Amino acid sequence: MRDDSNADLFGAPPPRQGKAPVQAHQQRPTVSAAPEMARQTQPLADRLRPRQLSEVVGQDHLLGPTGLLAQMLRRNTLPSLILWGGPGCGKTTIARLLAREAKLRFEQISAVFSGVADLKKAFETASRFQQETGRGTLLFVDEIHRFNRAQQDGFLPYVERGTVILLGATTENPSFALNGALLSRCQVLVLNRLDDAGLEKLLRRAEQEAGKALPLTEDGRSSLRAMADGDGRYLLNLVEQIQALPEGERLDTAGLATVVARRAVLYDKDREEHYNLISALHKSLRGSDPDAGLYWFARMLEGGEDPRYIARRLTRFAAEDVGMADPSALPLAVAAWETYERLGSPEGELALAQLVVHLATAPKSNAVYRAYNQARKLARETGSLGPPHHIRNAPTKLMKSIGYGKGYEYDHDTEEGFSGQNYFPDEMERVALYQPTDRGQEREIRKNLDRQAAIRASRRP
C-alpha cells in the first residue's frame, strides 16, 4: 500500500528529491493556507460531521449507553450490519466512526457508481490487507439496495470468511430490497429520522461554528426545521444558504420561504412508502378518524400519488369495511371517483376528500367481507353439488318431467313475502355465512333475518 503520510492536503505526494524546484508562480498554496482554502469550499454539513459517536444526533437507541451499537463495541463484536434510514440521518457518519472505534480499515463504495469489477477490487484489497496486517476491513456500501440479487450474492463468501465486515446503508426496506441470503448474514439496524430536538441541536452547532446566531425569528427557526423534514444534511445546507445572505433583518416564516426551498416530500409511488401511507389511510378510516384520514389522504396527494389509485382503494374500503352498515357508502365512492374523472385536479380531489370523511364517520361492518370469504372456502370444500330441484329452471318438458321446478313457491305470493324454502344443495346442511352487526343499517337487517329464520324453522318437518 502507498504511504501518503507526507502527502499534502490535496492528496498529492511531495516532489521527489533531485527535482528542480517549482517556480514561485507555479507553487501550490502553502500548508498554512491550504486548510483555510479547503475549509472555505467544504460544505457546512461536512465541517460539522461528528468526530466521535457520542456527537451523532438522534440515534441514542443505537449509540447511547445502552444502545445496541455501543454494546457491540464494548464487547468488541461488530457483525455485518445493514443501516436502514432516511436521507441525512447519519448512516455514512456512523459507518466511518464505527471503523475508527473498532480499529478497522475503512473502505467506501457506492452501489450507484460501482459494479462487479469495483467489488472484486475491494474484496481483493481487503483480503491482502488482512493477510499483511491481520486486521479486518469495514466495507461501507452506500445505497446497497441498488445492487441486483446476483451482485448481492457476491458479498456472501467474503462476509462469511470475515474478509470484510459489511456495513450496508439503504433508504429502502431491506425486507424487499435485499435478498434473504444476505439478510441472514447481517443485522438490520433502523435509524430514526431526526426529530425537532435533534434538528435544533444541529442549528446550535452551526451557529457555534459560525460564531453568530442565524437571522431568524422564533417562527422562522421553527419553519426552517420543518423545511428539513427530518434530514440533518438538508437542514445544514439550508443554513449555509441563510448564512450567505447579506446582513439584514431577521427572517420570519414568510421571509424564509423566499430564500430557501422546503425539502421535497419523501414519497415513492412504487416502493414501501407508497404502501405505508395507503395503509395509514385505510386504518385511519377503519378507526373512524376523519382527521387522520384527511391527513394521510393529503400526504399522498402532496407526494404525487395518482388520485385514481386513492379512489380505487377508497371504493374497496366502502365495500370491505363499511359494507351493509351504510349501503350508501359504495355508490358514493363510485360517484366520487366519477366526479374526479370529470373534473380532474384539483377540483375533483374535493369529492375524494368528502368521500374520506364519509367513510371515516360511517358505521363500520366487515360482515359481508367475512361472509364472502367463508362462502368461497365453503364452495371449494363442497365441490360440484347441484342446487335442489325446486329452484332449478325448467324450460323443457323433459326437465319438468324429472322434477325441475316442482314445489317452488313464489315468495311474493306468500303472506310474509318470504317462503322460507331451502336454497342450499340437498346434500349439505344450511350454513349461516352472513352475520350482520348491530351497527348502522345492519341493525335492521339483523332483525329481519332473525324474523325470517324463525319462519324457516317453523316450516321444518
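As the structure is a prediction and not an experimental result, all values here were calculated from the model. Just the heavy atoms: all of them, side chains too, but no hydrogens, waters or symmetry mates, feed the values below.
The closest side-chain donor-acceptor pair between E442 and T437 falls under 3.5 angstrom. Between the side chains of D219 and T217, no donor-acceptor pair is found at a separation under 3.5 Å. When only modelled atom types and interatomic distance are considered, S80 and R185 share no side-chain donor-acceptor pair under 3.5 Å.
The stretch residues 58-67 participates, sequence neighbours left out, in these side chain to side chain donor-acceptor pair (under 3.5 Å) pairs: H61-N192. Evaluation of the ring-ring contact (aromatic ring centres under 6.0 Å, His included) test over residues 98-117, restricted to residues two or more places apart or in two chains, returns none.
The existence of a salt bridge linking K377 and E381 is confirmed by a sub-4.0 Å separation between a basic side-chain nitrogen and an acidic carboxylate oxygen. Comment: E341 engages R308 in a salt bridge, judged by a side-chain N to carboxylate O separation of less than 4.0 angstrom. Comment: R146 does not engage E172 in a salt bridge, judged by the lack of any side-chain N to carboxylate O separation of less than 4.0 angstrom. The pair E107-K121 does not meet the salt-bridge criterion, since no charged nitrogen lies less than 4.0 angstrom from a carboxylate oxygen. The pair E247-K212 counts as a salt bridge, with a side-chain nitrogen and a carboxylate oxygen less than 4.0 angstrom apart.
Environment of CD in Q52: crowded, with over 12 heavy atoms of neighbouring residues, nucleotides or ligands closer than 6.0 Å. Sparse packing is recorded around CD of Q354, with 12 or fewer heavy atoms of other residues, nucleotides or ligands lying under 6.0 Å away. The number of heavy-atom neighbours closer than 6.0 Å to CZ of R342, taken from other residues, nucleotides and ligands shown, is 12 or below. Annotation for N76: atom CG does not count as buried by contact number, only 12 or fewer foreign heavy atoms lying within 6.0 Å. By the neighbour-count criterion of 12 heavy atoms within 6.0 Å, atom CD of E218 is sparsely surrounded, having that number or fewer from other residues, nucleotides or ligands.
For the pair L314/L285, a side-chain contact is recorded, criterion being any heavy-atom separation below 4.5 Å from C-beta on.
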- Query: When you look at E101 and L78, which way does the side-chain contact (heavy atoms from CB on, under 4.5 Å) test go after all the steps?
  - Reply: CA-CA 10 Å; E101 291 284 339; L78 187 65; over 6 Å; no
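A cation-pi geometry, defined here as NZ or CZ lying under 6.0 Å from the six-membered ring centre and within 45° of its normal, does not hold between R370 and Y372.
Remark: the backbone N or O of F147 is paired with a side-chain donor or acceptor of Q152 at under 3.5 angstrom.
Note: Y158 and F123 have parallel aromatic rings, judged against thresholds of 30 and 60 degrees for the angle between ring planes.
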